Amino acid sequence: MSDISSLCNVKHILLILSGKGGVGKSSVTTQTALSLVSKGFKVGVLDIDLTGPSLPRMFGLEGRQVHQSSAGWVPVYTDSTKQLCVMSLGFLLQDRGDAVVWRGPKKTAMVRQFIKDVVWGDLDYLLIDTPPGTSDEHISIAEELKLARPDGAILVTTPQGVATADVRKELNFCHKVGFKVLGVVENMSGFVCPHCDECTNIFSTGGGEGLAAQFNVPFLGRVPIDPSFVLLIEQQQSSEKNLVENYQSSKLAKIFGDMIQQLLDENLPSRV
Amino acid sequence: MAPEPEHCPGPKSEQAGSSDACEGCPNQLICQTAPKGPDPDLPLIASRLAGVRHKILVLSGKGGVGKSTFTSMLAWAFASDPDSEVGLMDIDICGPSLPKMMGAEGEQIHSSASGWSPIYVSDNLGMMSIQFMLPSADDAIIWRGAKKNGLIKQFLKDVDWGNLDFLIVDTPPGTSDEHLSINTYMKESGIDGAVIITTPQEVALLDVRKEINFCRKAGIPILGLVENMSGFVCPNCKGESFIFAPTTGGGEALAKEAGVPFLGKVPLDPRIGKCSDHGDNFLEMYEDSPTSKAIISIIKQIRKDIGEPLSSDDEEDP
């Protein structure tokens, strides 16, 4: 049985899942974390996308190191207030271009180590960002968290049929392993032209909402494509303010604030 | 992360798991129980693929950048020449998209004495995907790596591909079981090379860099890098904007940095998404779109690289 003592002071555990790649799991994870921190919560983020970790870049933490303490791995904190910390395989690589070419058993061992050996300390929320699919990482995290009673999963999709087809599979996966589906986020839903304010549905629209209705799970909301969010992430090094403050001035912050409030209003029981 | 022991004999060695150095290694049991020696199925795969002239992989470290979309375009473009036989293999086991994009959803595989028959989308274009084997379209394939490898092997060994001019393989994102396996299984019969797809923003390039690194380590030749979703022209005001801003120079800079050929940029067109959802051939329906033109010119380049340039007669074909 898995050892989950490292999670004993974590009040809530949320997974961010999608069957499809590139729909914005890591963006949604990042924005969920930033929104929770701005509401005063203490948040940890675990990245179990082992072959394509994006979170170090998203949080502007590339090149940082994980420290080993007597109790285990200390996650990387974004600043001295220690409100937000991140753990990712990206911190353990020598060079950012290095490929992690691992077959399943090695990935399983790594996921287990991430659950067992990270010193999270007291957290209000632990967000777990996942790779696309329903394979080794997903089976492993479901097994490791079996006794940890996670709150549930947020599913991310884009509106077009090719994406929702894969997300349907992920919904079935959640049912099979017993993750409660907390809601569906429809990302990249429409793009407002900065020149003429005309909205174009590049990846169509409404797919996520339809999916949520069909499977009878909550629909959290639509998030439009906002190129300024990419810029916010990419230019955070040169900014004087920290990411949490910068994000509050983004148009997306309000949308995410409302979505997170929906989750908070459910009053999910604390694990602790 | 537990590193390999200093004198690790390597997981393929006869001593794997039983050498002195293996004592205490967390992977000892895995190495001990894994079968040793060359895979007896490899010669079978090689004889199955003997009639396939060109084999192309479509790869990307990142998900959702358009691997399957580009694969479908490549297949349609190759198959537009009625004298070419084209095969399409989808090894994205957990998220197969090609059947929908090729308009072959809901088909079922038939087996005959010579093996599984591919699903024919048109006379000269056959395809294979796990989606054709599911009782219900929404079923999740909750498989660990070893099981996925088994299916990929069957796709190569048990499918009656026949004589093909081109076999195009669409892959899932990442650098894991599927990628290692397809390379191991196809190496003997020779892979022409990989087309790597990226989008312009650094978060994607970061993962694609890893994929290039993987190809180098695995010895897969790289035909080139395609930058997809690069720029968007508003259909209302024709103003151009970057949706995924290339803050670090985009695909072109990465190609230069990594020393691989840059095949071109493909702009976003909302109609591609619609065509993919309906299984329509975008290149044929909107041949005047700048996106179609960009894709056609990239495909021309790929044909040249694998030694199958279009003669001018072919270009006039519908």
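Here is the naming used below: chain letters follow the sequence lines, and residue numbers restart at 1 for every chain. In this text, all values refer to a predicted model and were calculated from it rather than measured experimentally.
Of the atoms belonging to A:Ser140, heavy atoms from both backbone and side chain fall under 4.5 Å from chain B. When heavy atoms are compared at a cutoff of 4.5 Å, A:Ile202 approaches chain B by way of both its backbone and its side chain. Heavy-atom distances place both the backbone and the side chain of A:Pro53 under 4.5 Å from chain B. Looking at A:Asp136, both its backbone and its side chain come within 4.5 Å of chain B, counting heavy atoms on both sides. Heavy atoms closer than 4.5 Å to chain A are found in the side chain of B:Lys217, but not in its backbone. Both the backbone and the side chain of B:Glu202 come within less than 4.5 Å of a heavy atom in chain A. No part of A:Glu137 comes within reach of chain B, as not one of its non-hydrogen atoms sits under 4.5 angstrom from that chain. There is no contact between B:Pro172 and chain A, counting heavy-atom distances below 4.5 Å. Looking at B:Asp92, there are no atoms closer than 4.5 Å to chain A (heavy atoms on both sides), in backbone or side chain.
Contact detail for A:Leu231 and B:Ala245: the closest heavy-atom pair is CD2-CB, 3.9 Å. In terms of heavy-atom proximity, B:Leu134 sits nearest to A:Lys169 at CD1-NZ, 3.2 Å. Of all the heavy atoms in B:Asp177 and A:Gly104, the pair that sits closest is OD2-N, 2.8 Å. Contact detail for B:Asp207 and A:Ser54: the closest heavy-atom pair is OD2-OG, 4.0 Å. Residues B:Lys148 and A:Ser135 share a closest heavy-atom pair of NZ-OG, 2.7 Å. Listed here is the closest heavy atom pair of B:Pro270 and A:Asn201: CB-O, 4.1 Å.
Here the options are B:Ile30, B:Leu29, B:Asn27, the test is side chain to side chain contact (heavy atoms under 4.5 Å, CB included), and the partner is A:Pro105; only B:Ile30 passes.
By the 4.0 Å N-to-carboxylate-O rule, A:Glu143 lies close enough to B:Arg144 to be salt-bridged with it.
Counting heavy-atom pairs closer than 4.5 Å to chain A, the top-ranked of the candidates B:Ser241, B:Ala218, B:Ala146, B:Ala204 is B:Ser241. Per-residue counts of heavy-atom pairs under 4.5 Å with chain A were compared for B:Glu240, B:Lys67, B:His179; the largest is that of B:Glu240.
Remark: B:Phe282 engages B:Tyr286 in a ring-ring contact (aromatic ring centres under 6.0 Å, His included) (not counting sequence neighbours). For A:Phe191, the ring-ring contact (aromatic ring centres under 6.0 Å, His included) partners two or more places apart in sequence, or in a different chain, are B:Phe232.
The line from CZ of A:Arg168 to OG of B:Ser136 is 9.5 Å long, rounded to the nearest 0.5 Å. In this structure, B:Leu206 CG and A:Glu62 CD are separated by 5.5 Å, a value rounded to the nearest 0.5 Å. In this structure, CG in B:Asp139 is found 6.0 Å from NZ in A:Lys176, a value given to the nearest 0.5 Å.
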